[in-house]
Amino acid sequence: MKKVGIVMGSDSDLPILQKTIDTLKSFGVPYEVHIFSAHRTPTQAAEFSKNAEANGFGVIIAAAGMAAHLAGAIAAGTTLPVIGIPCKSNTLDGIDALLSTVQMPSGIPVATVAINGGVNAALLSIEILAISEPELSKKLKEKRTADENAVLTKDREIAAKL
Ligand code: RP5
C-alpha cells in the first residue's frame with residue numbers, strides 16, 4: 001500500500017496532526033511524518049515534494065498556520081493529491097491559514113479540510129488510497145456504519161432521558 005506523507009510547518013502544529021496520525025493508525029495505513037516549512041526550510045520541503053511519488057507516497061497531507069503556503073508549495077512539486085489542513089494560531093482564529101490554504105489559483109489544487117481538521121484529512125487520504133485498496137474501502141464503510149449506530153444510540157438515550 002502507498003504511504004501517506006504528513007508534513008507540518010512547525011512542531012507547534014503537532015497536536016492537530018496527532019489526530020491525523022491516530023486515525024491513520026486505526027485504519028492500518030502506513031505514513032511518514034516530517035516537519036518542513038515553506039519559508040524556514042523551503043529546499044527540504046521542495047525536495048520532499050519532488051521525490052514523494054518515487055518514494056512510495058500516494059497522497060500528502062500538509063498542515064500549517066498563519067500565512068500557510070506549505071500545502072500549495074508542496075502541491076507545486078508533485079501531481080500526487082495534496083490535502084491542506086489550515087491550523088488555528090493565536091490570532092485571526094485560523095481564518096488566515098484557511099484562506100492561504102484554500103485559495104489556490106487554477107492549476108495547482110489543494111484539497112482543503114476545515115480549520116484544525118486533522119481527522120477529516122486522514123479520512124480523505126484513506127478514501128483516496130481506498131480507490132485501489134478494496135480492504136480500506138471496506139473499513140471506511142464499516143466506520144460509517146459504526147458512526148451511524150453511535151448517533152442512533154445517543155438519540156435513543158436522549159429521547160428516553162428528556
Ligand atoms: C507556520 O507558522 C507553522 O505551520 C505554524 O502553524 C506557525 C507558527 O510556527 P511556530 O512559530 O510555532 O514554529 O509556519
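Read the numbers this way: they start at 1 and go in the same order the structure lists the ligands and their atoms. Nothing here was measured: the structure is a model prediction, and the numbers come from that model.
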On the six-membered ring of Y31, is K3 placed so that its NZ or CZ lies under 6.0 angstrom from the centre and within 45° of the ring axis?
no
Of all the atoms in ligand 1, which lie at a distance below 4.0 Å from a heavy atom belonging to H39?
14 (O)
Taking atom types as modelled, is there a side-chain donor on T145 or K141 under 3.5 Å from an acceptor on the other?
no
Proximity of A64 to ligand 1 by residue part, where a heavy atom lies under 4.0 Å
both
Tell me whether E157 is salt-bridged to K154, with the criterion being a basic N under 4.0 Å from an acidic carboxylate O.
no
Closer than 4.0 angstrom: is that true for some heavy atom of R40 and an atom of ligand 1?
yes
Going by ring-ring contact (aromatic ring centres under 6.0 Å, His included), name the residues that satisfy it together with H34, two or more places apart in sequence or in a different chain.
F36, F48
When you check the gap from the basic side-chain N to the acidic O, do E148 and R144 get nearer than 4.0 Å?
no
Could you tell me the residue and atom name of the protein heavy atom closest to atom 7 (C) of ligand 1, and the distance to it rounded to 0.1 Å?
M66 SD, 4.1 Å
Residue, atom and distance of the protein heavy atom nearest atom 6 (O) of ligand 1 read D13 OD1, 2.6 Å
Closest protein heavy atom (residue, atom, distance) for atom 12 (O) of ligand 1:
S12 OG, 2.7 Å
Hphob cluster co-occupancy, L99 + I85, side-chain heavy atoms under 4.5 angstrom
no
Give me the residue, atom name and distance of the protein heavy atom closest to atom 13 (O) of ligand 1.
S10 OG, 2.6 Å
Do me a favour and list the nearest non-hydrogen protein atom to atom 1 (C) of ligand 1 with residue, atom name and distance?
G65 O, 3.6 Å
